[in-house]
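Accompanying notes for the structure given below.
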Amino acid sequence: MTDPLAALRPWEAPEVTSWGRLPMNAVDRRPGALSLDGEWRFRLLPAPQAADGVPWSALHVPGAWTMQDTDDRPQYTNVTMPFGAFPPHAPAADPTGVHERDLDVPAEWAGRRIVLQVGAAESVLLVHVDGRPVGLSKDSHLAAEFDLTEVVRPGARSVLRLTVVKWSDASHIEDQDHWWHGGITRSVLLYATDPLHLADVTVRARRSGELRVDCAVRDRGGALPDGWYVSADLDGELLAQDAEFDRLNAEDDRGSDFLGEARVRTVVPGVRTWNAEQPELYGLTVRLHRADGSVADTSYHRVGFRDVEIAGRDLLVNGERVFVRGINRHDFHPLTGRTMSYDDMRADLVLLKRFGFNAVRTAHYPNDPAFYDLADELGLYVVDEADIESHDHAHEIADDPRYLNAFVDRVSRMVLRDKNHPSVIIWSLGNESDYGANHDAAAGWVRRHDPTRPLQYEGAAKRGWADPDVASDIACPMYAPLAECVAHALSGEQTKPLIQCEYSHAMGNSNGTLADHWAAIESTPGLQGGFIWEFWDHGILQRVSGGRPVGRAGAGLYDNGVAAPGHRWAYGGDFGEATHDGAFVADGMVFPDRTPKPALYEHRELAAPVRIRCFRHEGIVLANHQHFRGFDWLTATWELALADGRTLTGPAELPELCPGETAAVPLPFEVPADGGEAWLTLRVTTAGDQAWAPTGTEVCAPQIRLRAPVPAPAAVPGGPDVEVDGEGLLLHPLLAAAPTLSLWRAPTDNDELGGIAPRWRAWGLDSLVRKVVSVRRAHDRVTVLAEYAGTTGVVRHRQEFTAVEGGIRVDESAELPDRFDDVARVGSVFETVAGPELLEWFGQGPWESYPDRAAGAPVGHHSLPVDELFTPYLRPQESGGRHGVRRFTLSAPDAAGLAVELDEPRQVSVSRYRAEDLTAAAHHDELVPRAGCVVHIDAAHRGLGTASCGPDTLPSYLVAPGVHRWSWTLRTL
Ligand code: GAL
Ligand code: MG
């Protein structure tokens, strides 16, 4: 390339953030624009200044070339930069994509101002028309606009070339924890306006009904024509330009020949305010008129009237201290990498609403404009985060004046674009970039430009949660231990709302202790919530036979969280990257195809708008846990599960309750005197269509126990003889492997990365050696003593098999030495012969649950095919457990089955895989299901915690050393 743009080598010049780029603004130009999306001519050069000898191929725009048929593949790193050059340098090998297409400019655009908008390009965009340089831009997740009026001719064809350089000085501040890609990832548009145009529109709408619309007006020709004015209508009501503002402007001598400023203001009486529960929006159309009244330009906005403020240590929305039930979300798609359609984004947000979330942090960059429209419409509070993360070189860059411009540029452009969205309640300066003068400069700009919203930055808050001098109005730590948060709130030192920007790391089988977090948040003034890390498992669909991502052709090649045979969800390292961070990219609450993980149900219940407080005097106390709404949008049915197998149901009446209120409601039925343990579940569903859920969508299922278990009568002795082999192993026609002691689970990501599983291995728990010590036979029972030797300790295990009517009762105990002070489980494992396919159980369910993640799985009578019990976490690990199981049967329509009765509610899992099968596999497709079932009955099972990044489970969910006892009865069906 010999053109002047390239000659500047802007990819190694952090001071250069743009050239020829129009200022960012909030005028929506999508309606009426010409889409340039589709097939473009493409060639991939090895470096920006490489000779152009590469032949043209075709590429879909928008779409990263790393997700299409090129040799430059996706690469995943968390902190480490994928190349060695220090900032601001780029590596010599620097893939550069040249995108080219013909541009047919409509003849009717003659005399108009013609603008190109490139939705997003990473990381440096160079624009040429017919070989002439037009502009350049950085900031990979915001649009860049260029005025093409002088370089194209209406009615004629031009050639548009967009050159995208992958690695640059900007990559060092785009070092977020996700896949690296290259290319144009959002839509490209061409639009035309009158030369006289709205350069920006700023809308401020308050909960008082006050509305202020500030317009900036320009003319492409320079001087503004005389007599222009603006008008607006709000839901059809015409509003006029504010004469007082005009007069003040004139009196202040602020008039300008080329910058027009106009204001519209009004007060809407009885305004319907906006909040995440009731996202009321008004339609605002702003018109710019010429002197003769004709319309030169229009801009449409949806307006939500609401206030955000911080009072003391509370964040208030419309005066209410709202809980922030948030999640971090990346733009992600398993087929395109980053490019998402409107429908994809809508599906993401609809799912979040259905699972009780009310907030999103746009980790770690501004999202597609449609995302904010959807958040406004569906009702989500947004922490809008600027595209700044310099993780690997955070300290060097935070105070580097060469990057000052880039910091202010990125933060200000985000604010300029998104300022009119009611959903955006907080600005974030970025992520994991240390804290320096560059942040303060950006914060200063925001404070002046938008005093209506708080600002946060974790890197600044870290300097002191209560420090008034740092650039963060919120104490927004990541992964702070719960006890530390509570202690801060109780310390008397707290000055800012405490809302964790990241917590409860969702990698693999995780989100343990979420209920403990919410119990503390809801009961501790000063704690207001947080954002779970994160929404997506970023698995890219890949053919197993190596190589490229499947790409856009892969629709239909996955289902229910699982890739089709011959395919897998690729994570770090699967594209042959030498430097990568493995499965750490798979840490979300949904699978790569948006299938919910079980942890989402936990969250849904913890966010329940309807709660059952207690059961008293034949009635239950209900509470409204919303901030703004009554129960009129909900309907409910009750469900009574009795231990004897019955489930009774009926319609329930929800009382009229204001937010925060409680009421005692009599039970609308009589609890049967018989039937044993009894659980009441209120199944709450939407009474009418919501924007995010059709009528009848389940919203929550709060539950309360009405009657404790009734002790089971002692088993009647007798029945078939108990047989064991010479090793003391039970012989049974339905068991392919006798029950033995299990202390091992396939390490979860938390176990592995939290350093817990390495200890288990060091103790030899993955390869315990069983040695029978004694077998004693009495008339109706056999007692077996065995020892399980690890490398550093021995566990004594006792099993007593007693013949009872119809089966065998197994009483077990295990004594763990003190040094085994934190094991995965203590329990029995056995395997059935082939045949059983259906699990029916009385206990918690239907979805997977664990001791520290069991708040969202109600007790009841559940049944699922064995193959559906399993949760296909990307890196196979312990999964499919069910908590609080009282009894279960395993059956097949035409084969013998078995029934197991437990002495008390236990953790049970039934699967086609042994723990060692799961431990050995790196991807789901490597697993080969066994014909029989592998059954675990645990006397104790360790909590899941979140130690892959953040706190481990709480001490109360650990499995203690010492003696554990458990009993169960096995019968043939
Ligand atoms: C945080 C970071 C996220 C992600 C997460 C771990 O430190 O902000 O981007 O890396 O940890 O998954
Ligand atoms: Mg990071």
Side-chain angles (χ1 to χ4, degrees), residues 75-82 87 140-141 170-180 326-332 338 360-367 383-398 426 428-435 439 456-462 472 474-481 499-512 530-539 571-572 579-590 592 597 599 748-750 752-755 873-875 944-952:
Q75 178 176 359
Y76 166 58
T77 64
N78 171 12
V79 177
T80 315
M81 283 299 289
S140 294
H141 295 276
S171 308
H172 294 285
I173 53 170
E174 295 180 358
D175 182 20
Q176 290 98 351
D177 177 8
H178 64 159
W179 293 97
W180 292 97
I327 196 160
N328 284 276
R329 181 188 159 283
H330 271 287
D331 280 343
F332 170 79
R338 302 216 204 289
V360 175
R361 172 174 176 240
T362 66
H364 299 300
Y365 40 78
N367 288 180
V383 172
D384 203 6
E385 187 152 284
D387 189 2
I388 302 176
E389 176 164 345
S390 57
H391 207 156
D392 203 7
H393 297 291
H395 181 59
E396 296 102 312
I397 290 178
I426 296 171
S428 163
L429 300 180
N431 188 56
E432 298 187 319
S433 303
D434 202 339
Y435 179 38
H439 291 102
Q456 75 175 50
Y457 175 52
E458 183 266 343
K462 193 150 70 185
S472 192
I474 316 266
C476 51
M478 43 174 76
Y479 313 107
I499 303 169
Q500 294 217 54
C501 73
E502 295 177 27
Y503 82 110
S504 197
H505 197 247
M507 184 177 187
N509 191 357
S510 187
N511 303 102
F531 295 80
I532 291 179
W533 185 268
E534 66 171 313
F535 183 64
W536 285 109
D537 261 3
H538 303 223
Y571 52 72
T579 307
H580 65 82
D581 286 295
F584 205 60
V585 78
D587 55 0
M589 294 193 98
V590 298
K597 289 188 182 174
T748 63
D749 292 310
N750 290 325
E752 210 63 272
L753 299 177
Y873 296 112
L874 264 57
R875 195 191 63 77
L944 300 166
T946 60
S948 55
C949 180
D952 192 2

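Numbering of ligands and ligand atoms starts at 1, following listing order.
At least one N/O-N/O distance between His505 and ligand 1 falls below 3.5 Å. Remark: ligand 1 and Glu502 share an N or O pair separated by less than 3.5 Å (distance only, no angle test).
Between His178 and His141, the ring planes are tilted. Angles from 30° to 60° get that label. Between Tyr435 and Tyr457, the two ring planes are tilted [angle within 30° to 60°].
Contact annotation: the side chain of Tyr873 approaches that of Lys597 to within less than 4.5 Å [non-hydrogen atoms, C-beta and beyond]. By the 4.5 Å heavy-atom criterion applied to side chains, Asp387 and Pro366 are counted as neighbours. The closest side-chain heavy-atom distance from Trp180 to Asp175 is below 4.5 Å.
Within the protein, the number of N/O/S atoms found under 2.8 Å from the Mg ion (ligand 2) is 3.
Atom 5 (C) of ligand 1 has its closest protein heavy atom at Tyr479 OH, 3.4 Å. Here the protein heavy atom with the shortest distance to atom 7 (O) of ligand 1 is Glu432 OE2, 2.4 Å. For atom 10 (O) of ligand 1, the closest non-hydrogen atom of the protein is Asp177 OD2, 2.5 Å.
The Asn431 neighbourhood of ligand 1 comprises atoms 2 (C), 8 (O), 9 (O), with distances under 4.0 Å to a heavy atom of that residue. Against a heavy-atom cut-off of under 4.0 Å, Asp587 is close to the following atoms of ligand 1: 12 (O). Taking every heavy atom of Asn78 and a limit of under 4.0 angstrom, the matching atoms of ligand 1 come to 10 (O). In summary, the atoms of ligand 1 found under 4.0 Å from a heavy atom of Phe584, numbered by their order in the structure, are 6 (C), 12 (O).
Among all heavy-atom pairs drawn from Cys476 and Cys501, the shortest one is O-SG, 3.3 Å.
Evaluated by nearest non-hydrogen atom to atom 9 (O) of ligand 1, the leading choice among Met507, His364, Gln176 is His364.
Neither the backbone nor the side chain of Asn328 has any atom closer than 4.0 Å to an atom of ligand 1 (non-hydrogen atoms only).
The only member of Gln176, Glu385, Glu458, Arg361 that meets side-chain hydrogen bond (donor to acceptor under 3.5 Å, both in side chains) when paired with Asn431 is Arg361. Partner Phe535 forms a side chain to side chain contact (heavy atoms under 4.5 Å, CB included) with one of Asp587, Val590, Val360 and no other, that one being Val590.
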Q: List the steps, then state whether side chain to side chain donor-acceptor pair (under 3.5 Å) holds for Tyr365 with His330.
A: CA-CA 8 Å; Tyr365 40 78; His330 271 287; 2.9 Å; yes
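In summary, the side chains of Ser510 and Asn750 do present a donor paired with an acceptor at a separation below 3.5 Å, with no hydrogens or angles considered. Looking only at atom types and distance, the side chain of Asp177 has a donor-acceptor partner in the side chain of Tyr76 under 3.5 Å away.
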